[in-house]
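A short write-up of the structure that comes next.
These numbers were taken from a predicted model, which means no experiment stands behind them.
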Amino acid sequence: MRICNKGFQRDQKLKLHQRGHNLSWKLKQRNGNDIRKRVCPKLSCVHNNPKHALDDLTGIKKHFNRKHVEKKWKCDRCSKKYTIQSDCKAHMKIHN
(Lines give C-alpha, C1' and ligand atoms only; values in the text may rest on other atoms or scores of the structure.)
Protein backbone atom coordinates (compact mmCIF):
# COMPACT_ATOMS: atom_id res chain seq x y z
CA MET A 1 0.00 0.00 0.00
CA ARG A 2 1.36 3.44 -0.93
CA ILE A 3 0.40 5.29 2.26
CA CYS A 4 2.01 3.01 4.83
CA ASN A 5 3.91 0.49 2.67
CA LYS A 6 2.06 -2.50 4.15
CA GLY A 7 1.38 -5.50 1.95
CA PHE A 8 -1.42 -8.06 2.10
CA GLN A 9 -1.82 -11.42 0.39
CA ARG A 10 -5.60 -11.12 0.10
CA ASP A 11 -7.40 -8.24 -1.56
CA GLN A 12 -10.12 -8.31 1.11
CA LYS A 13 -7.56 -7.72 3.88
CA LEU A 14 -6.07 -4.81 1.92
CA LYS A 15 -9.49 -3.17 1.46
CA LEU A 16 -10.25 -3.57 5.17
CA HIS A 17 -6.90 -2.00 6.04
CA GLN A 18 -7.43 0.87 3.59
CA ARG A 19 -10.60 1.91 5.40
CA GLY A 20 -8.45 2.99 8.32
CA HIS A 21 -6.68 5.52 6.11
CA ASN A 22 -9.97 7.05 4.88
CA LEU A 23 -11.45 8.16 8.21
CA SER A 24 -13.45 11.38 8.10
CA TRP A 25 -11.82 12.45 11.38
CA LYS A 26 -8.29 11.40 12.14
CA LEU A 27 -7.45 9.76 15.43
CA LYS A 28 -4.34 11.15 17.01
CA GLN A 29 -1.62 8.81 18.15
CA ARG A 30 0.54 9.96 21.03
CA ASN A 31 4.08 8.90 21.77
CA GLY A 32 4.30 6.82 24.90
CA ASN A 33 5.31 3.40 26.09
CA ASP A 34 2.99 1.73 23.58
CA ILE A 35 2.77 3.60 20.30
CA ARG A 36 -0.33 1.58 19.34
CA LYS A 37 -2.46 3.21 22.04
CA ARG A 38 -5.15 5.47 20.58
CA VAL A 39 -6.42 8.64 22.20
CA CYS A 40 -9.81 10.26 21.71
CA PRO A 41 -9.64 13.38 19.50
CA LYS A 42 -11.99 15.28 21.86
CA LEU A 43 -9.68 17.32 24.13
CA SER A 44 -12.08 17.35 27.10
CA CYS A 45 -12.42 13.54 27.13
CA VAL A 46 -10.61 11.42 29.72
CA HIS A 47 -9.50 9.12 26.88
CA ASN A 48 -7.57 12.01 25.31
CA ASN A 49 -4.92 11.37 27.97
CA PRO A 50 -2.39 8.67 26.92
CA LYS A 51 -2.73 7.09 30.38
CA HIS A 52 -6.39 6.36 29.57
CA ALA A 53 -5.93 5.61 25.87
CA LEU A 54 -7.67 2.66 24.26
CA ASP A 55 -5.76 -0.20 22.66
CA ASP A 56 -7.18 -0.34 19.16
CA LEU A 57 -8.75 1.74 16.42
CA THR A 58 -12.09 -0.09 16.64
CA GLY A 59 -12.32 0.58 20.37
CA ILE A 60 -11.67 4.30 20.04
CA LYS A 61 -14.11 4.61 17.12
CA LYS A 62 -16.85 2.90 19.17
CA HIS A 63 -16.04 5.10 22.16
CA PHE A 64 -16.16 8.28 20.07
CA ASN A 65 -19.48 7.36 18.44
CA ARG A 66 -21.12 6.40 21.74
CA LYS A 67 -19.87 9.32 23.81
CA HIS A 68 -19.35 12.32 21.52
CA VAL A 69 -21.79 12.02 18.60
CA GLU A 70 -25.32 13.46 18.75
CA LYS A 71 -27.71 11.08 20.51
CA LYS A 72 -30.68 10.51 18.19
CA TRP A 73 -32.41 7.60 19.93
CA LYS A 74 -34.45 8.16 23.11
CA CYS A 75 -36.10 5.73 25.53
CA ASP A 76 -39.88 6.28 25.56
CA ARG A 77 -40.13 5.55 29.28
CA CYS A 78 -37.24 7.40 30.93
CA SER A 79 -36.03 9.73 28.13
CA LYS A 80 -32.44 8.43 28.31
CA LYS A 81 -30.71 9.14 24.97
CA TYR A 82 -28.41 6.95 22.88
CA THR A 83 -26.24 7.38 19.82
CA ILE A 84 -26.75 3.81 18.62
CA GLN A 85 -30.23 2.40 18.07
CA SER A 86 -29.30 -1.11 19.25
CA ASP A 87 -28.06 0.33 22.57
CA CYS A 88 -31.41 2.08 23.00
CA LYS A 89 -33.36 -1.10 22.21
CA ALA A 90 -31.28 -3.10 24.68
CA HIS A 91 -31.90 -0.44 27.36
CA MET A 92 -35.67 -0.44 26.77
CA LYS A 93 -35.78 -4.14 27.66
CA ILE A 94 -35.03 -3.28 31.30
CA HIS A 95 -38.42 -1.54 31.54
CA ASN A 96 -40.37 -4.70 30.56
Checklist entry - Any side chain to side chain donor-acceptor pair (under 3.5 Å) pairs touching residues 68-78, not counting sequence neighbours? => result His63-His68
Checklist entry - What distance do Ile60 atom CD1 and Asn65 atom CG have between them, rounded to the nearest 0.5 Å? => result 10.5 Å
Checklist entry - Could you give all pairs that pass the salt bridge (charged side-chain N to carboxylate O under 4.0 Å, His left out) test and reach residues 82-96, with sequence neighbours left out? => result Arg66-Asp87
Next on the checklist: With side chain to side chain contact (heavy atoms under 4.5 Å, CB included) as the criterion, how do Cys40 and Lys67 come out once you've worked through the C-alpha distance, each side chain's angles and the decisive distance to 0.1 Å?
Outcome noted: CA-CA 10 Å; Cys40 181; Lys67 299 299 179 185; over 6 Å; no
Next on the checklist: I need the Lys62 NZ to Thr83 OG1 distance, nearest 0.5 Å.
Outcome noted: 14.0 Å
Next on the checklist: Among residues at least two apart in sequence or on other chains, which ones pass ring-ring contact (aromatic ring centres under 6.0 Å, His included) with His52?
Outcome noted: none
Checklist entry - Which value, rounded to the nearest 0.5 Å, describes the distance between Lys80 atom NZ and Cys88 atom SG? => result 10.0 Å
Checklist entry - Heavy atoms, side chains only, cut-off 4.5 Å: are Lys42 and Asn48 in contact? => result no
Checklist outcome for this item: When every non-hydrogen atom of Met92 is compared with those of Cys75, the smallest separation belongs to CG-SG, 3.9 Å
